[in-house]
Amino acid sequence: KKGYVMRKCCVDPGGKRTPLGKRGWKMFYVTLRDMVLYLHKDEHGFKRNQLYDSLHNAIRMHHCLATKALDYTKKQHVFRLHTADQAEYLFQTSDSKELQSWIDTINFV
Ligand code: I3P
């Protein structure tokens, strides 16, 4: 699965709250492959900078959990991703169908 999503970092790996200045929403072209979620700057980056991107912006999906972020009301179609290393991210998708599709894909990889 792949596509554009918005991401917000809430809790960094290790469980500490993401510091102010790094909590903003940012757009990524996301691909899910071999149990790893790769966050690329855009589709172009997906093709050209795969290694760089994968080293710097990859989230291992093993023992991750994606749930609808019903408590986050500032944006629509948002899910929360809890990772095995205790990080927490919010991802905004384009519509409710995409939201469910990302959640199902992540939870059943
Ligand atoms: C953050 C940015 C986020 C905001 C976050 C800010 O600032 O404005 O959009 O989250 O609020 O800290 P920065 O880009 O300087 O990190 P929301 O969009 O959810 O309000 P927060 O600290 O309450 O998460």
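Order of listing sets the numbers, starting from 1, for every ligand and every atom in it.
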Legend entry - Donor-acceptor side-chain pairing of Lys16 and Gln86 below 3.5 angstrom: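 Side-chain D/A pair, Lys16 to Gln86: absent.
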Inset, instruction - Please check if any side-chain donor atom of His40 sits under 3.5 Å from a side-chain acceptor atom of Thr31, or the reverse. - result: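 The answer is yes; a qualifying pair exists.
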Inset, instruction - Give a yes or no on whether atom 8 (O) of ligand 1 lies under 4.0 Å from any heavy atom of the protein. - result: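 Answer no: nothing from the protein, no heavy atom, is under 4.0 Å.
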Inset, instruction - Kindly indicate whether the side chain of Ile106, heavy atoms from C-beta on, has any atom under 4.5 Å from the side chain of Phe79. - result: yes
Inset, instruction - Could you tell me whether some N/O pair between Trp25 and ligand 1 is separated by less than 3.5 angstrom? - result: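 Yes: some nitrogen or oxygen of Trp25 is under 3.5 Å from one in ligand 1.
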Legend entry - Gly21 N/O to ligand 1 N/O under 3.5 Å: yes
Inset, instruction - Determine whether any heavy atom of Arg17 lies closer than 4.0 Å to an atom of ligand 1. - result: yes
Inset, instruction - Sequence neighbours left out, what passes salt bridge (charged side-chain N to carboxylate O under 4.0 Å, His left out) with Asp71? Give chain and number order. - result: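 Only Arg80 meet the salt bridge (charged side-chain N to carboxylate O under 4.0 Å, His left out) criterion with Asp71.
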Protein residue, atom and distance nearest to [atom], heavy-atom basis:
{"atom": "atom 3 (C) of ligand 1", "value": "Arg23 O, 3.5 Å"}
{"atom": "atom 2 (C) of ligand 1", "value": "Gly24 CA, 3.8 Å"}
{"atom": "atom 19 (O) of ligand 1", "value": "Tyr72 OH, 2.5 Å"}
{"atom": "atom 20 (O) of ligand 1", "value": "Lys74 NZ, 2.5 Å"}

Inset, instruction - Would you mind running through ligand 1 and noting each atom that sits below 4.0 Å from a heavy atom of Lys22? - result: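 Those of ligand 1 that fall under 4.0 Å from Lys22 are 16 (O).
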Inset, instruction - Step through the shown structure and confirm whether more than 12 heavy atoms of other residues, nucleotides or ligands are within 6.0 Å of CG on Asp95. - result: yes
Inset, instruction - Using a cut-off of 6.0 Å, state whether more than 12 heavy atoms not belonging to Gln76 lie near its atom CD. - result: no
Legend entry - Residue portion contacting ligand 1 (non-hydrogen atoms closer than 4.0 Å) for Lys8: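 Only the side chain of Lys8 comes within reach of ligand 1.
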Legend entry - Carboxylate-amine/guanidinium proximity below 4.0 Å for Glu98 and Lys1: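 The answer is yes: the pair qualifies as a salt bridge.
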